[in-house]
Structures are given as C-alpha cells and as structure tokens.
Number of protein chains: 2
Amino acid sequence: MEQDDITLLRLSEPDANESAAGRRFRELHDEIRSRISLLDYPPGMRLSEEALAEEFGVSRTPLRRVLWQLQAEGLLQSVQGVGTIVTDIDIGALYQVYQMRMELSPLLARLSPRTISPQDMKRFKVLHKKCLELTDNPSARGYSVVNIATFHALADLTTNEPLRETMERLFYQTARIWLKSLTDQDVMRECKSLCQEVRDYRDAACLGDIDALAHLWRAHTSASMTRLQQKAAAQ
Amino acid sequence: MEQDDITLLRLSEPDANESAAGRRFRELHDEIRSRISLLDYPPGMRLSEEALAEEFGVSRTPLRRVLWQLQAEGLLQSVQGVGTIVTDIDIGALYQVYQMRMELSPLLARLSPRTISPQDMKRFKVLHKKCLELTDNPSARGYSVVNIATFHALADLTTNEPLRETMERLFYQTARIWLKSLTDQDVMRECKSLCQEVRDYRDAACLGDIDALAHLWRAHTSASMTRLQQKAAAQ
DNA sequence: TTCAAACTTGTTGTGTACATCATGCCCATC
DNA sequence: GATGGGCATGATGTACACAACAAGTTTGAA
C-alpha cells in the first residue's frame, strides 16, 4: 500500500513554468504537511530546523520558508529560543473551521464546477477499493491517507481556485485531529463510516451528479463534526 | 486626512504575547500590502528587496519573509534574476474571486456573528462622514482608503476567524483593481456609489441588524462586479 | 538542605557573502 | 548597417556565521 500512498497523497501537479526553487519549495511543503497530517509529527512535537534541513539536503534558509508557510497555514508555531512546535487545535477553533467547511462544500457544485470525467469516476472507484482494503485491515494511518485523498478528489472537481485553496487550507487545519486519541474500536468504526461515505461519492460521481456529490459532502462533514463533538463531550 | 488614513487602515491590533519579530513582521506586511492596494506599487512594478530592506532598516532576511507571505497571498511574484513583481489579475480570476466573495458575505450573519456594539455603530458613522468628505473632494486614493476601511468594519463583525481571514485574503486580491484605469468621471461615480453603500451599512448597523448588513454587503459586492464587467466589456 | 545565580546547551532570528540566473548593452563580425 | 555573441549588471536564491533568547543544569553560599 505504500506505493499507492504516494499516488494518493502527492496531488499538487507541477506547473510547467515552475522554477527549480519553486518546485523544491512545494515538494518540501507537501511532505512536511503530510507528516503533520499523518501524525508522524504529532501536536506539541518540536521540530529542529537544522535537522530537517540536513534530512532534505538543503540549508536552513529555504527550509525556513517552508516552515513559515506552514506557520501561516496554522500548522506550526515558531518561538525563538524554544523551537518550532506542531500546533494543537482547541475545540472552539475546530468548531469554527467545521462550520466554515460545511458552508463551503455546497459551493463545489455552484462555483465553476467541472463536468465529471471518466478519470474522476475511476478516481472514486479506486478510493472505494482502498476503503474496502482498509476495513479488512483497519489502521489510523491508513484511514487518514484515504481521507486526505478523498478530500483532494472532491476539491479537484471545481475550477474555482480561490474556493479550492480555501477548502484545502481549512481541511488540513483539522485533518490530523481525527487520529488523535482514537481507540481501536473508534478506528474500526471510522473506517466503516469512511467506506460508506466514499461509496456514496463513487455512486454520485458515476451518475455525473456533482450537485449530489456536494450535498453528500456537506452531510458527511456535518456527521463527522457531530461524532467528534460527542466524543469530546464523553471525555 | 492623512492622520485619519492611519486610523482607518491600521486595523490588525497587536497581540499581547506577540514577539518583537512577530510584530515587526505584521507591521511590514500591512504596510507593503497597503502600498500595493493603494497603487503606490502598481501592478507590474518591480520591487527591490535590498531597497525595501534599507528603507525599513532591516536586512533582507526578515523582509523576504514578508515578501514570501505576500506572494502566498497572490499579491507578489518573485522570479530569480528578474525581481519581485506586483501581480496583475486577469478578468477570469477576478470573476472567480468575486463569485467566492459573494458566497461568503452572507456568512457574516450566520457564522458566530457579534452583536453590534455602540463602537461598531460609531465606526460606520465615521466611515459615512469620511464618505461625505470624499464626495466633496473625490480622489481614487481616498476612495480606496474608505473602501478598505469599510471592508474591515464589516469583516470584524464575525468572530469566526477562518471566515474573517478568508474574506480578508480575497478582498485584498481584488481591492487594487478598482483604481486601475479609472477616469475622473469614474472616480466621482464610484465615490457616490460608495457613499450610498456606507450609508446603508450605517443605517443597518444602527438598527443592530447584522442580517441586513450581510445581505446589503452581498448586494453591493454583486453590483460592483457588474459595473466592473461592464467597464471591461466597454474597453 | 535549600535556593538562587551563573553556566551550558540548543533553539530560532538576523545579517551578510556568495551562487545562480535573466536582462540589456556593447562590440566584433558578417 | 544588421546581427549575434560576450559581458557587465543587478536581481533573487542559498549557505553560513553570529546574535538573541529560553530552558535545564550545575554550583555555590546562606
């Protein structure tokens, strides 16, 4: 599955007239963002600029640009003398982001939607296949990989760049929260839930019904938020 | 009016536990963003990192962080060997941003709105007074100052940070477009239009009706877009 | 024994020299 | 006179040394 992880997660296609520096920046950004989202770098962890720079074979300067970008996106927080810390998110901010996401998802079908192509249908079919594999062998990390890939499959259905960028920004602010403090039982339940969700998307996509896709997305986002709130209240 | 410019435009309040570096970054960012929005740095202009660093009394390193941020916000574009260029915006991207902004403005009243305080009412009253002064002595720059301040007065009515940040980001992507290629007649007409717009906001604010404010905002944003399209079609 | 001050260590922030690249000018050549 | 190549110039990109700062550790005296 590791090879598929890459094809599922590496989604920002290189621009034709992108400079070498620009490409490296984007690759580093996506890589570190993945690690944060998959809890390789859990909230509260301190990252070392020097260690990361050495690992990626660059000096601190270009790496710091990446960390600043992730700080602007709300995933990192740098403090002089202390370090660069992976941010946590409190329940209040989480709720605000989810509220916003629920308002944005219907826009997928309203603002410059693409017509659903056979490639799109295949993409959702592959995602559903991954989901089935996942329910046979559930894992928090595997769940997150499919969850992120599903988001990108949906977000890529609009050609409205401001909408797509905003949805991506907000999604990654909350994506890692799911993996925190999930029991094995929770993981199993969430994997099944994701499987049903992706099946719904696949069916709507095969019908070419982007309006249905958008409303399904909103419904599932809302349900996720509710489950998260119930879990938070139970603790 | 110059003194009022400052009170109108400098709106990001300093955080209590903000580091010296963080405050300097925010101040530089707001200052350069203002210059871009007010066409002190018009689209296509090449900025010199070294010259800017010298002007602000810092080295290139902290200044480059500001320029990268503005690049991420779509206001600048750096190319090695050429320079840092103030971006222009094509009609297609402009339309996409406006579509998005029209969908976001109604959310002002739906996502965590504040109750309108006497300070808010006073803020809109002051804005309207500035508008009246502006119609007596119209200028493109004065129009833009009031326009930007009006945006912030509206955006500050929600406590939903993701919403506020997104609206701000999108607003500044299009704010400077108005000033480009406006005849004196256009400026006069737009100043009058802004005056009516702000009067509507003031009246709604004094009634404490944030729902009306949000819908007025959407309506005026839509009208602005329509006027802009008509002007583009006429050229 | 306790507590506080100094020190050590490791981090991010800043300044600066150099590398890399694009552009326009100048001059030799056709 | 036109044109193409080399070169000077100035821009951003990168690397590195050092400053500023916070936290833990040690050491000394009360």
Side-chain angles (χ1 to χ4, degrees), chain A residues 14-33 35-36 41-88, chain B residues 14-33 35-36 41-88:
Chain A
D15 204 350
N17 50 359
E18 190 179 29
S19 67
R23 179 167 52 254
R24 183 162 72 175
F25 168 78
R26 187 176 45 77
E27 287 172 351
L28 287 180
H29 172 271
D30 289 358
E31 172 62 28
I32 298 178
R33 189 177 63 173
R35 294 184 183 183
I36 294 172
Y41 300 153
M45 179 174 179
R46 292 197 323 198
L47 305 180
S48 165
E49 295 182 349
E50 199 160 6
L52 279 175
E54 189 180 11
E55 175 187 348
F56 292 116
V58 299
S59 80
R60 277 181 63 206
T61 307
L63 181 83
R64 277 165 68 78
R65 180 178 176 181
V66 174
L67 298 185
W68 283 333
Q69 177 64 31
L70 291 167
Q71 181 169 352
E73 294 170 8
L75 303 184
L76 293 178
Q77 173 70 36
S78 290
V79 183
Q80 182 174 3
V82 178
T84 300
I85 297 126
V86 180
T87 57
D88 206 344
Chain B
D15 204 351
N17 50 0
E18 190 180 30
S19 68
R23 178 166 53 254
R24 183 163 72 175
F25 167 79
R26 186 176 45 76
E27 287 171 351
L28 287 180
H29 172 270
D30 289 359
E31 172 61 28
I32 297 178
R33 189 178 62 174
R35 295 184 182 183
I36 295 173
Y41 299 153
M45 180 175 179
R46 293 198 320 201
L47 305 180
S48 165
E49 295 182 348
E50 200 161 2
L52 279 175
E54 189 180 11
E55 176 188 346
F56 292 116
V58 298
S59 80
R60 278 181 62 206
T61 308
L63 181 84
R64 277 166 67 77
R65 180 178 177 180
V66 174
L67 298 186
W68 284 332
Q69 178 64 30
L70 291 168
Q71 182 169 351
E73 294 170 8
L75 302 185
L76 293 178
Q77 175 70 36
S78 291
V79 182
Q80 181 173 4
V82 178
T84 301
I85 297 127
V86 180
T87 57
D88 206 344

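Just so it is clear: chains get the letters A, B, ... in the order the sequence lines come, proteins before strands, and each one is counted from 1.
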message = Is there a side chain to side chain contact (heavy atoms under 4.5 Å, CB included) between A/Leu47 and A/Leu52? Walk through the geometry before answering.
response = CA-CA 8 Å; A/Leu47 305 180; A/Leu52 279 175; 4.2 Å; yes

key: side chain to side chain contact (heavy atoms under 4.5 Å, CB included) between B/Glu31 and B/Leu28, intermediate numbers included   = CA-CA 5 Å; B/Glu31 172 61 28; B/Leu28 287 180; 5.6 Å; no

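Dashed line: the shortest gap from a side-chain N or O of A/Arg64 to OP1 or OP2 of C/dT12 is not under 4.0 Å.
Comparing B/Leu47 and A/Ser59, the nucleotide of DNA chain D nearest to each residue sits closer to the 5' end for B/Leu47. Residue-to-nucleotide proximity on DNA chain C shows that, of B/Val82 and B/Ala20, the 5′-proximal contact is made by B/Ala20. Comparing A/Ala21 and A/Arg46 against DNA chain D, the residue whose closest nucleotide sits nearer the 5' end is A/Ala21.
Remark: the B/Arg24 side chain and the C/dG13 base include no donor-acceptor N/O pair separated by less than 3.5 Å.
Remark: P of C/dT16 and CZ of A/Arg60 are 17 Å apart, rounded to the nearest angstrom. In this structure, the CD atom of B/Glu49 is 14 Å from the P atom of C/dG15, given to the nearest Å. Across the protein-nucleic acid pair, A/Glu50 atom CD and C/dG13 atom P stand 14 Å apart, rounded to whole Å. Atom CG of A/Leu76 and atom P of C/dT11 are 15 Å apart (whole Å). In this entry the distance linking CD of A/Gln71 with C1' of C/dT12 reads 11 Å, nearest Å.
A/Thr87 places a side-chain N or O within donor-acceptor distance of the main-chain N or O of A/Gly74, the cut-off being under 3.5 Å.
Note that the CZ atom of A/Arg46 and the CG atom of A/Leu76 stand 14.0 Å from one another [nearest 0.5 Å]. To the nearest 0.5 Å, atom OH of residue B/Tyr41 and atom OG1 of residue B/Thr84 are 11.5 Å apart. Note that CZ of B/Arg26 and CZ of B/Arg33 are 11.0 Å apart. Values are rounded to the nearest 0.5 Å.
Closest to the side chain of B/Gln80, out of C/dC18, C/dC21, C/dT14, is C/dC21.
Residue contacts for B/Thr84: at a heavy-atom cut-off of 4.0 Å it reaches the sugar-phosphate backbone alone, with no base atom in range.
Axis angle, first five pairs versus last five pairs of the helix from C/dT1-D/dA30 to C/dC30-D/dG1: 10°, rounded to 10°.
Between B/Arg65 and B/Glu49 there is no salt bridge, since none of the side-chain N atoms of the basic residue sits less than 4.0 Å from a carboxylate O of the acidic one. Ion pair B/Arg35/B/Glu55 flagged as a salt bridge, since at least one NZ, NE, NH1 or NH2 atom sits closer than 4.0 Å to an Asp/Glu carboxylate oxygen.
In this structure, the side chains of A/Gln69 and A/Phe25 come closer than 4.5 Å at one or more pairs of heavy atoms.
In the 5' to 3' direction, nucleotides of DNA chain D lying under 4.0 Å from heavy atoms of chain B begin and end at D/dG10 to D/dT14.
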